[in-house]
Amino acid sequence: MDEEKMIEEAFNTLVESYLATKHRKKVEKITKAFNFARHAHQGVRRLSGEPYIMHPLSVAQIVCTEIGLGSTSICAALLHDVVEDTDYTVEDIKNMFGDKIAQIVDGLTKISGGIFGDHASAQAENFKKLLLTMSEDIRVILIKIADRLHNMRTLGSQPYNKQYKIAGETLYIYAPLAHRLGLNSIKTELEDLSFRYEHPEEYAQIEYKLAATKAERDTVFDEFIAPIRQTLDSLGVKYVIKQRIKSPYSIWNKMQNKHVTFEEIYDILAVRIIFEPTDMSRELNECFNIYVGISKIYKSHPDRLRDWVSHPKANGYQALHVTLMSNKGEWIEVQIRSTRMDEIAEKGFAAHWKYKEGEQNEDDAENELEKWLTTIKEILDDPQPDAMDFLDTIKLNLYASEIFVFTPKGDLRTMPAGATVLDFAFSIHTFVGSHCIGAKVNHKLEPITYKLQSGDQIEVLTSKTQHVTREWLDIVTTGKAATKILATLRKDEREARRKGESMLDEFLRAKGLTNDSATVDLLCELHEVQKPEALFAAIAQGQIVLGQEDVNKIQNKNSASAASWMRLFAFGKKKPVRKIDDTPDEEVPAIDKTKILQLSDTNRSKYTLCDCCKPIPGDSVMGYVGDKNHVYIHKFQCKTAQRIKANRGNHIIAAKWDIGNSMQFEATIALRGIDKPGTLNQITEVISSSLNINISKLEISCSDGIFESTIRLLVHDTDELKEVMNSLKKIPTVKEIARV
């Protein structure tokens with residue numbers, strides 16, 4: 001097809017899609033933005049070879065049809081790369097298209113090139129810009145998500161290391177953002193596309209199995225809904241019934257978390273009933289009438305009713321979920337939604353505008369966002385120096401299911417599922433959280449670690465003698481609480497460092513010694529702390545008590561015996577919170593790359609197989625260029641690797657196994673099953689005698705007729721490990737098996 005004709009057709013499709021919406025028709029404005037962007041990007045091409053203007057057109061199409069925004073957002077989407085990639089300025093956009101579009105384009109330009117840069121501080125700053133701009137105008141992040149979706153759809157033209165970076169960043173932050181904004185269909189596609197590029201073999205396998213079992217699912221679906229249709233018809237409901245198939249990424253995630261096979265996942269199929277209310281005022285009643293009607297056909301699970309109709313999720317999601325027992329003995333989830341609820345579930349907050357009374361105006365603020373954006377602003381008000389901590393804190397606020405709890409006066413509050421008494425205390429006020437000693441939950445005394453349940457009534461108890469401790473970071477689950485705790489700890493640590501430095505100075509002067517950097521470094525080495533700041537804090541807190549041995553060490557720097565004697569009494573380093581183990585604490589012998597792995601960067605010759613995930617040949621792996629240009633090899637699904645891909649994507653290199661059957665690697669498996677005489681003998685017989693695999697360590701414990709065992713094996717690759725696991729599954733008493 002001629003390129004000019006292709007561009008014109010894409011634009012005409014966009015205009016037709018826009019005219020089909022209920023937004024105010026401003027086609028001239030959109031045409032003007034298109035012509036301006038087309039001229040600005042004239043002659044420029046994407047890596048795929050197509051004219052660059054096709055990218056803004058595609059983003060605008062997503063903004064219009066998949067998110068449901070109007071002319072302002074469509075124009076901003078068409079212009080989103082003009083300021084960054086051409087000589088035009090934000091001022092030019094403002095003069096031609098007005099303040100609002102210029103403001104959105106400016107916000108998109110500030111966060112362009114991906115959220116994260118090369119350095120931690122730049123990552124944090126760029127992400128803060130995104131969130132601050134988002135809090136001013138939510139359309140900035142909605143268009144950014146559309147931009148990312150199109151980039152993911154065309155990711156195949158990028159080199160491998162770029163694919164890893166973009167896919168990792170998408171999974172780490174963009175998919176959770178889409179979820180938090182109620183963009184369910186976009187969230188699902190972003191996850192699946194990331195999964196497809198990170199684990200192509202597993203993705204293809206799940207796609208194949210879904211296709212192979214489709215006919216069977218269709219039969220189950222048809223048989224299950226036949227009596228439901230009769231009931232709904234008798235009630236006079238106008239409705240459609242759809243299958244909801246679990247996405248490949250969700251299936252794979254469950255396989256990893258639950259250590260089960262594809263065949264063992266029983267909730268791949270769900271049923272969705274979407275009805276048209278006879279009157280919007282009766283929408284909720286009709287939802288429950290349908291539930292009552294279908295509950296007379298099938299027995300419902302007593303603990304699996306989810307009422308998101310009366311209490312919508314924080315991202316605006318509304319539906320009634322009920323799990324029913326089919327005639328064939330299978331639990332099947334049924335989701336009941338009105339047409340309004342369904343559109344909001346798929347398109348998120350933007351769909352709310354469609355249902356507002358009067359003239360449609362996408363500039364209207366959405367109340368549902370206010371609480372979340374307020375929390376984001378609170379976190380931004382207390383900037384954290386560590387980008388990793390900052391990103392983790394924000395991420396805590398993205399993927400959280402909600403529970404509903406009450407204050408002593410009966411006020412309803414929404415908290416993330418898994419939130420503790422301490423989280424609730426910090427949600428009230430920083431002072432209340434900092435001095436919380438527990439709570440009366442439903443008039444019963446509970447500790448700060450108590451996990452809240454929906455319906456709990458909570459009265460926080462405080463004490464002036466209570467102080468924030470670092471251990472509290474392991475108790476809280478909300479971003480706000482973690483931010484406030486870290487801020488308090490940093491303030492306390494600054495005061496402690498000043499006090500400790502003063503105490504050290506007094507000690508050295510009293511002993512007639514010089515307080516210089518060499519002396520401080522010597523004391524750090526002696527007490528096994530990495531930085532002078534940690535030494536000062538430990539002195540102030542009484543963890544390190546200075547004495548004559550310190551004097552001896554300073555006076556005789558070669559006294560190795562004094563140093564070793566003191567180490568017996570030195571306090572160990574505290575493990576930093578949320579540390580990414582990019583580089584191991586101990587030096588691991590580097591391996592010659594020509595023997596085991598091929599790296600895409602041929603200038604790198606030394607690498608380490610990381611202990612956090614223990615990769616073996618056959619695992620999907622990647623290389624991370626860390627300190628001193630040393631390469632660290634992680635499995636793709638390793639949690640450390642996921643964060644590296646998102647935050648330090650420019651340091652990733654491709655790595656592929658290049659090894660025969662000459663070397664063995666450690667791999668650990670966990671087994672669980674029925675404790676019967678001879679079971680252990682059967683397990684070792686399969687591993688050692690039948691498969692001739694060496695066992696380097698075996699642990700087993702039994703309780704109440706159930707055994708649990710971990711076995712460390714020496715294998716050549718993942719195929720050999722799978723053979724062991726498949727053989728062990730055939731033992732009747734072994735019920736669960738997973739690689740650790």
Side-chain angles (χ1 to χ4, degrees), residues 184-185 188 205-255 257-278 282-310 317-339 341-342 345-346 401 454 673-674 729 732 735-736:
N184 185 58
S185 57
T188 301
Q205 193 174 36
I206 290 175
E207 284 276 83
Y208 171 78
K209 289 183 175 180
L210 281 173
T213 54
K214 183 179 184 301
E216 182 184 339
R217 277 197 310 276
D218 288 346
T219 302
V220 171
F221 175 75
D222 291 339
E223 291 178 358
F224 181 76
I225 67 166
I228 292 177
R229 285 189 184 280
Q230 292 177 4
T231 299
L232 295 181
D233 289 340
S234 67
L235 290 172
V237 178
K238 188 178 178 182
Y239 66 93
V240 293
I241 300 182
K242 298 179 180 178
Q243 284 191 55
R244 187 237 61 185
I245 307 301
K246 211 173 186 67
S247 69
Y249 174 76
S250 295
I251 292 170
W252 179 78
N253 220 19
K254 193 160 189 176
M255 288 167 64
N257 294 334
K258 302 286 186 182
H259 304 300
V260 294
T261 63
F262 178 90
E263 291 71 25
E264 292 173 293
I265 295 179
Y266 300 113
D267 61 346
I268 289 176
L269 169 68
V271 173
R272 189 169 288 160
I273 300 172
I274 304 165
F275 69 94
E276 185 74 54
T278 53
R282 290 188 48 78
E283 183 186 44
L284 191 147
N285 289 347
E286 290 183 27
C287 207
F288 278 95
N289 287 341
I290 293 172
Y291 161 63
V292 171
I294 63 176
S295 295
K296 292 176 181 177
I297 308 168
Y298 300 111
K299 296 294 182 186
S300 61
H301 194 297
D303 300 323
R304 298 286 292 274
L305 175 65
R306 299 288 181 267
D307 178 10
W308 301 116
V309 176
S310 307
Y317 178 84
Q318 281 185 287
L320 194 61
H321 291 198
V322 57
T323 303
L324 304 175
M325 175 65 77
S326 73
N327 294 331
K328 294 192 174 180
E330 296 175 324
W331 288 112
I332 296 178
E333 184 180 75
V334 178
Q335 301 168 357
I336 306 168
R337 305 173 176 175
S338 68
T339 48
M341 295 174 193
D342 185 61
E346 297 307 310
S401 300
S454 264
I674 308 301
K729 281 182 182 177
K735 301 301 179 184
E736 297 173 14

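- The structure places OG1 of T188 at 10.5 Å from NZ of K246, a figure rounded to the nearest 0.5 Å.
- K328 places no side-chain N or O within 3.5 Å of a backbone atom of M325 that could act as its donor or acceptor partner.
- Side-chain atoms of L284 and S338, non-hydrogen and from C-beta on, never get closer than 4.5 Å to each other.
- Between the side chains of E264 and T261, at least one donor N or O lies within less than 3.5 Å of an accepting N or O.
- Between atom CD of residue E333 and atom CG of residue L324 there is a gap of 9.5 Å, rounded to the nearest 0.5 Å.
- Between D267 and K254 there is a side-chain heavy-atom pair separated by less than 4.5 Å.
- Between R229 and D233 there is no salt bridge, since no side-chain N of the basic residue sits under 4.0 Å from a carboxylate O of the acidic one.
- Between V220 and E330 there is a side-chain heavy-atom pair separated by less than 4.5 Å.
- For the pair E283 and F275, the tightest heavy-atom approach, listed with the atom from each and the gap, is O-CZ, 3.7 Å.
- Residues P248 and L210 have side chains in contact (heavy-atom distance under 4.5 Å, counting atoms from C-beta outward).
- Within the 4.5 Å cutoff, the side chain of T213 has no heavy atoms near those of the I268 side chain.
- Residues D218 and Q243 have side chains in contact (heavy-atom distance under 4.5 Å, counting atoms from C-beta outward).
- Scored by the side-chain contact (heavy atoms from CB on, under 4.5 Å) test, N253 finds Y249, N257 as partners (sequence neighbours excluded).
- The two atoms that bring V322 and S300 nearest to each other are CG2-CB, 3.8 Å, heavy atoms only.
- In this structure, the separation between CD1 on I332 and CZ on R244 is 11.0 Å, given to the nearest 0.5 Å.
- Checking side-chain atoms of Q318 against main-chain N and O of V309 turns up a donor-acceptor pair under 3.5 Å.
- Here the closest heavy-atom approach between residue P227 and residue E223 is recorded as CD-O, 3.5 Å.
- Put simply, CD1 on I206 and OG on S250 are 9.5 Å apart, with the number rounded to the nearest 0.5 Å.
- Taking Y298 as the reference, F224 meet the ring-ring contact (aromatic ring centres under 6.0 Å, His included) condition, with sequence neighbours excluded.
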Can you give the donor-acceptor pairs under 3.5 Å from side chains of residues 285-293 to other protein atoms, not counting sequence neighbours?
{"from": "E286", "atom 1": "OE1", "to": "T278", "atom 2": "N", "distance (Å)": "3.4"}
{"from": "E286", "atom 1": "OE2", "to": "T278", "atom 2": "N", "distance (Å)": "3.2"}
{"from": "E286", "atom 1": "OE2", "to": "T278", "atom 2": "OG1", "distance (Å)": "2.5"}
{"from": "N289", "atom 1": "ND2", "to": "N285", "atom 2": "O", "distance (Å)": "3.4"}

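- Between R272 atom CZ and I336 atom CD1 the span is 12.5 Å, to the nearest 0.5 Å.
- Within the 4.5 Å cutoff, side-chain heavy atoms of Y317 are placed close to those of R337.
- Counting heavy atoms from C-beta outward, I251 and K209 have side chains that stay 4.5 Å or more apart.
- Shown here is E263, whose CD atom has more than 12 heavy atoms of other residues, nucleotides or ligands within 6.0 Å.
- Rounding to the nearest 0.5 angstrom, the gap separating the OG1 atom in T323 from the NE2 atom in H301 is 7.0 Å.
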